[in-house]
Amino acid sequence: GKSFEMVGNTGCRILLATWLLLVFRSQCLLAQLIQANGQVAFPAYSSVVLSEDCKPKCKNEGACHMSLMTNETMCACTNEYYGNSCEKRAKCDPKCINGGNCIRILEADGKVHSTCYCEQGWMGEACEIPWKCDPECENGGSCLSYLNKPYCQCTEGWLGDSCTKLIECDHPCANEGNCVQTSLNTTGCACKPEWYGDTCEKPAECKPSCKNGGTCITWDFGHTTSCKCARGYYGRSCKAEIICEPSCNKKG
């Protein structure tokens, strides 16, 4: 039997499913299917299906796949394992620490090597260097990494590069609207469905107006509205009454 690994940049772990459906874990940027000897396992446009015919059986969460073109079976290994049955574990020197995992990745030159995939907040050859945000995160914020760049993940109620800006809107939100963070350094009002506008000051207006206790709501800043009907009514303006024939019993 043969095997192929699923490898990607920055430790992407991939599971190959039917018809080359790729399910990504973490921040997967690039995926390549390669055999244990570094050659492409299946052509890019080949069809592969799940199979149970791999001998020996795939180990360590490896999945058996068969090419519909050649009927050849192979084990699809995760990034942490390789070998005909995914029995060999990637080894990094020095060993990964602080929760880092040793994985095999494909370089631009087509060669495969082992490297440490670090947990959030760590970097370095062995994940030995903590990320440092400059300036430091304040008000309970945590320094994390994304695409090899540190950033502050702020606690609720704070925003900004170092979590020093309290979430406040320039004008108070009306009609039970809530002031929320809309991007890294900006805020805005999150309105109830019945209201819209910068401060939730504009009521949603349905034409024709909603009848029988129906409520006019909007979900795109007033451009589109509809009636949310009270129980027992339906229709564009909630004019139609739901009538059961024969009449509903007490449980209806």
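When a residue number appears, it is its place in the shown sequence, counting from 1.
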Requested in this report: Give a yes or no on whether Ile129 and Trp131 share a hydrophobic cluster (residues Ile, Leu, Val, Met, Phe, Trp, Tyr; joining criterion: side-chain heavy atoms under 4.5 Å apart).
Outcome: yes
Query - NZ on Lys55 to SG on Cys64, rounded to 0.5 Å - result: 10.5 Å
Query raised in the report: Can His65 and Val49 be said to form a side chain to side chain contact (heavy atoms under 4.5 Å, CB included), step by step?
Result: CA-CA 5 Å; His65 291 84; Val49 295; over 6 Å; no
Report summary line: To the nearest 0.5 Å, atom SG of Cys58 lies from atom CE of Met74 at 11.5 Å
**Report entry** Glu194: partners by side-chain contact (heavy atoms from CB on, under 4.5 Å), with sequence neighbours left out
**Finding:** Lys192, Thr215, Ile217
Report summary line: Here the pair of heavy atoms bringing Cys86 nearest to Gly62 is SG-CA, 4.0 Å
Report task. Not counting sequence neighbours, which residues clear side-chain contact (heavy atoms from CB on, under 4.5 Å) with Glu125? List them please. Result -> Pro94
Report task. Check side-chain contact (heavy atoms from CB on, under 4.5 Å) between Cys137 and all other residues, then give those that pass, not counting sequence neighbours. Result -> Cys133, Cys143, Cys152
Query - Under the side chain to side chain donor-acceptor pair (under 3.5 Å) test, residues paired with Thr199 that sit two or more places apart - result: Glu201
**Report entry** Shortest non-hydrogen separation from Tyr196 to Cys191 and the atoms involved
**Finding:** CA-SG, 4.0 Å
Report task. Using side-chain contact (heavy atoms from CB on, under 4.5 Å) as the criterion, point out the one residue from Ile167, Asn139, Thr164 that pairs with Leu159. Result -> Ile167
Query raised in the report: Which other residues end up in the same hydrophobic cluster as Tyr234, if Ile, Leu, Val, Met, Phe, Trp and Tyr are linked when side-chain heavy atoms come under 4.5 Å apart?
Result: Ile242
**Report entry** Nearest heavy-atom neighbours spanning Gly214 and Cys238
**Finding:** CA-SG, 4.1 Å
Query raised in the report: Who are the side chain to side chain donor-acceptor pair (under 3.5 Å) partners of His171, not counting sequence neighbours?
Result: none
Report task. Step by step, work out the disulfide bond (SG atoms under 2.5 Å apart) result for Cys102 and Cys116. Result -> CA-CA 5 Å; Cys102 183; Cys116 289; 5.7 Å; no
**Report entry** salt bridge (charged side-chain N to carboxylate O under 4.0 Å, His left out) against Arg89, all qualifying residues, sequence neighbours excluded
**Finding:** Glu80
Requested in this report: Please identify each residue that fulfils side chain to side chain donor-acceptor pair (under 3.5 Å) with Glu87, with sequence neighbours left out.
Outcome: Ser85
Report task. Tell me, please, which residues at least two apart from Ser209 pass side chain to side chain donor-acceptor pair (under 3.5 Å). Result -> Lys211
**Report entry** Under 3.5 Å donor-acceptor, Thr187 side chain and Glu168 backbone
**Finding:** yes
Requested in this report: Find out if the SG atoms belonging to Cys127 and Cys96 lie under 2.5 Å from one another.
Outcome: no
Query raised in the report: Using a side-chain heavy atom cutoff under 4.5 Å and only I, L, V, M, F, W and Y, what cluster partners does Trp158 have?
Result: Leu166
Query raised in the report: When rounded to the nearest 0.5 angstrom, what is the spacing between CG in Asn101 and CD in Glu119?
Result: 6.5 Å
**Report entry** Heavy-atom donor-acceptor pair, Thr218 side chain to Thr224 backbone, under 3.5 Å
**Finding:** yes
Query raised in the report: CD/Glu72 to OG/Ser67 distance, rounded to the nearest 0.5 angstrom?
Result: 7.5 Å
Query raised in the report: Should the SG of Cys200 and the SG of Cys173 be checked, would they turn out to be under 2.5 Å apart?
Result: no
**Report entry** SG proximity flag Cys210/Cys227, limit 2.5 angstrom
**Finding:** yes
Requested in this report: Over all heavy atoms of both residues, which pair between Cys163 and Gln153 is shortest? Give the atoms and the distance, please.
Outcome: SG-C, 4.2 Å
Report task. Check whether any side-chain heavy atom of Thr225 sits under 4.5 Å from a side-chain heavy atom of Glu205, and report yes or no. Result -> no
Report summary line: To the nearest 0.5 Å, atom OH of Tyr233 lies from atom NZ of Lys239 at 13.0 Å
Report task. To the nearest 0.5 angstrom, please state how far the CG atom of Asn84 sits from the NZ atom of Lys59. Result -> 11.0 Å
Query raised in the report: Which pair of non-hydrogen atoms, one from Trp122 and one from Glu128, has the smallest distance, and what is that distance?
Result: CZ3-O, 3.8 Å
Query raised in the report: Which atom names give the shortest non-hydrogen contact between Gly235 and Cys229, and what distance separates them?
Result: O-SG, 3.7 Å
Report summary line: Sequence neighbours excluded, the answer for side-chain contact (heavy atoms from CB on, under 4.5 Å) partners of Asp198 is none
